S.K.: 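Handing you this structure, nothing more for now.
Chain identifiers are assigned alphabetically (A, B, ...) following the order of the sequence lines, protein sequences preceding nucleic acid strands; residue numbering begins at 1 within each chain. Heavy-atom basis, side chains included; hydrogens, waters and symmetry copies ignored. This one's a predicted model, so the numbers in the text were calculated from it and none came from an experiment.
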Amino acid sequence: MVGEGYEWQPSRPVKLIVPWEAGGSTDRSARTTAGILEEYLNQRVVVVNQGGASGSVGTKSALDANDGGMTWTAGAVKDLGTYKVRGLLDTTLEEWRLYLNVAMPGLVSVNVDTPYRGFGELLHAFEANPGGIRVATAGVNSAGHTSIELIRKYAGIEYRNVTYDGGNAAVIATAGGETDVVSQLSIEQVDMIRSGQLRPLAVLADKPLQIAGVVEPIPPVTNWIPDFESAPIYFGLFVPADSPKEVLDTLDAIWEDHMLDSEVLRDWAADNAVVFDPAYGDEALRKAMPMVALEAWLKFDSGEAVINPEEIGISRP
Amino acid sequence: MELSFDLYLAGLSYFANPVMFLFSLLGVFVGIVFGALPGLTATMTIAVFIPFTFGVPAVQSFAFLLGLYSGAVYGGSVSAILINIPGTPSAIATGFDGYPMCRQGRAGEAIGISTIASGLGGLFSVVVLTFAAPFVASIALQFSAEEYVGITLIGLSIIAIISPGSTVKGLMAGILGLAIGTVGLDPIGSFPRMVFNTPELFDGVSEIPVMIGMYGLSEMLIQISDEQHLKIVSQKVKNVLPSFRTVVGLLPSVVRSSLVGVAIGAVPAAGGSIASLVAYGQEKRFSRKSDLLGTGIPEGVAAPEAANNASTGGALIPMMTLGIPGDPMTAVLMGGLIIQGLRPGPMLFQQQMPFVSSIFISLLVSVVFMTVLGLAGARYFSRLISTPKRFLIPAVLLFCLIGSYAINNSMFDIGVLVVSGIVGFVLRKFGFPVAPVILGLILGPMFESNLRRSLMLSQGNWSTFVIRPISLAFLLVALCILVGPPLVKLVRRRQ
């Protein structure tokens, strides 16, 4: 693959700051993407994990680096786009060019020993027993909490919220039977689904989700709630928008030529139960914006926002 | 959970890579060196080195860390025997008979016995760990938040009785740890607590820089402020290898003490130093030579050394199966697991069995290396105690700084290190132990989130803690630990 003639050939390794701890979903997706990029840049992409404060510490380092496009960051667009609203970091999406790799949908699963065979049955059970069914999430800031709150809004159900220290702990608690339902991200549940300890009922998307190693595709929530507007969480690499034009042009070209149909990334996505959906630039922004708006206004409504999302051009969904 | 021998063999394949042995050997070597240097404790050694294992695969990093663990716990005996200053707290009791032996010109013999006893104790603990841990994990799988409340409560109440010196000071230090543990977004409602608008504090105070500060930096500050210079009696270390008959003669003591060591190690929050003291006390009661204890007899060296090394495997049981550290050293080791993305707890045995089994094997390998290195290198390790402070202190300080930064590439953590180093220094100067701070810091958040989760599950009904039999049993144990000792005292006084 040497010498494909991209305009920008970095003379030293590029630094990719992953603002979360090693081994998490952001870290793994970023490392996979970095590996693909190295091949076409003919240069190493060095991943540095710098966690803390919902990813804002590492993102700030990338923002402050100001070294001509040699330092990038990675993560979920919904975090990057709401740091300012949440008062964590003074940055908006305009300052970044987005290079998305995958989307991670929320997934509603139940412990295999529960009687619920389908999502419809679970909804009936919620209605029959308001506040009685235990739902595990990783806390009010987690994707799982956003998912179950959306279902509550659309279906008018009541549930018993049980909070865990992280998505994996919530998944394990449900697999172990301490809770009945888990609504965390698919990537966090995939091992337990494969080992038969969780039964997936619905993916919060409008298309079914196919997991490698699991025969039946998981039906979309829209089968039961047709007007459910899902907003998948997009992940990707973020490059400062004021980087030299050759840097951005080269990355655009690599995404167009290789990432959009990368077998490596596609396989990784299927293995980890996430949706392969690369995009860059304006298209990326368009895809990721619904979740950013949802997140920003959820924070605003719960009193966790320090500014009105309107102020930075995020209108109420 | 199904137990099959295949699971244990799963970890063996990692050892096809000679690097594993290299890491283990390196760990043991560094561990003995640090353990033997007076003032460099085993806990500190592990804390300082953990950040350097970050870039290494988990199995290899643990081959190294467990080597450090075994090596440092053993190494502490060298300085205890030669200068009556335990290199690490778990060697406190070793000096009781080791130093008298040294003064009788039998230093080599004492070191040899300590090495063999440590090796046997370590070996015993590996066996217990290997068979007990998967069993405990399979029970722990049934535990819900309520049971974890009970276990963490046991750990927290043990702080009260383990603290050397004043119990009140130990409790105060424990409360300081609990307070530090509350900093950050609260685990259930994400409400910011004591964050002072500092985003770096949102996830709480990072534990590893606190540990390095409390154990490493503060110790160095103490060493700087202490003017005392060690008077070292030059000793020829010879006749290190004990005779077969001596070893056989020591077996009863070693077996008794190993049992004590593993059992005490397995109790959350109680570790090697208590194990070795209890083992020594036990010798006083059961040994045929009990009147000679303290005058320099091999039993007095073998018992505490077998016990403290036996506690290593014991302490790993609650850490690996429940995610609750057995002593300050395993608390630090747990940090090493977490930065590798591995969550200690019963699920570790379900999902990462090859890794778990590699831990068993690594510990075994480290015990073997420890014995061999200890016997072969006793003469050289014994020279370490005369290392000038002017080399030692700057080197360790540098390790502390690099280590704290490297964990998260964060300058903020350097600040955490410096603050906790100074706080640790002040605490120790006023006679407060630092181990309860660390245990409070680790157990506190665990206790809080499980307590609140239990109440979410039960919809605010506190009776959930006494309705569940195992939870009730744990609460009773915690109660006994808290009120037992004062009650016994009261009854004795009446009599």
Side-chain angles (χ1 to χ4, degrees), chain A residues 15 17-24 27-28 47-61 83 86-89 131-132 134-142 145 160-166 168-173 175-180 191-192 195 197 299 302 304 306, chain B residues 54-55 58 140-148 184-192 195 197-206 323 337-343 345-348 350-352 405-413 445-446 448-450 452-460:
Chain A
K15 188 166 159 190
I17 298 177
V18 171
W20 297 93
E21 60 188 62
D27 182 62
R28 285 159 59 212
V47 176
V48 179
N49 294 85
Q50 195 174 16
S54 303
S56 66
V57 173
T59 308
K60 184 172 190 304
S61 296
Y83 284 139
R86 293 153 73 188
L88 287 171
L89 181 63
R134 300 161 297 184
V135 180
T137 71
V140 292
N141 282 327
S142 70
H145 190 258
R160 194 190 306 176
N161 178 28
V162 186
T163 302
Y164 289 87
D165 308 330
N168 283 326
V171 169
I172 288 168
E178 188 170 299
T179 44
D180 309 298
D191 289 336
M192 289 293 176
S195 67
Q197 286 165 293
K299 295 285 178 241
S302 64
E304 286 174 73
V306 296
Chain B
F54 187 34
L141 215 50
Q142 316 293 323
F143 289 1
S144 181
E146 290 87 346
E147 281 75 32
Y148 279 96
L185 300 181
D186 92 72
I188 302 291
S190 291
F191 184 82
V195 294
N197 265 327
T198 313
E200 284 88 350
L201 285 176
F202 281 16
D203 295 335
V205 179
S206 9
L337 264 185
I338 292 169
I339 60 169
Q340 293 280 358
L342 294 163
R343 277 265 153 208
M347 290 313 289
L348 195 68
Q350 298 251 304
Q351 295 173 329
Q352 307 280 349
Y405 178 78
I407 289 252
N408 223 349
N409 300 305
S410 154
M411 277 309 285
F412 187 81
D413 284 348
M446 250 182 230
E448 184 199 348
S449 65
N450 281 303
R452 293 177 65 182
R453 193 170 307 129
S454 308
L455 292 172
M456 285 173 120
L457 285 163
S458 72
Q459 291 186 301

S.K.: For A:Ala173, give me all partners under side chain to side chain contact (heavy atoms under 4.5 Å, CB included), at least two apart in sequence or on another chain.
M.R.: A:Tyr164, A:Glu178, A:Thr179

S.K.: Less than 4.5 Å to any heavy atom of chain B: does that hold for the side chain of A:Val57, its backbone, both, or neither?
M.R.: side chain

S.K.: Only counting residues at least two apart or in another chain, list the ones meeting side chain to side chain contact (heavy atoms under 4.5 Å, CB included) with A:Asp180.
M.R.: A:Thr114, A:Ile133, A:Arg134

S.K.: Please report the closest heavy-atom contact between B:Asp413 and B:Ser206, naming both atoms and the distance.
M.R.: OD1-OG, 2.7 Å

S.K.: Which heavy-atom pair separates B:Met456 from A:Arg160 by the least distance, and what is that distance?
M.R.: O-CD, 3.2 Å

S.K.: Please look at B:Leu185 and chain A and tell me whether the side chain, the backbone, both or neither of the residue comes under 4.5 angstrom of a heavy atom of that chain.
M.R.: side chain

S.K.: So which part of A:Leu88 gets closer than 4.5 Å to some heavy atom of chain B, the side chain, the backbone, both or neither?
M.R.: both

S.K.: For B:Ser144, is it the side chain, the backbone, both or neither that has a heavy atom under 4.5 Å from a heavy atom of chain A?
M.R.: both

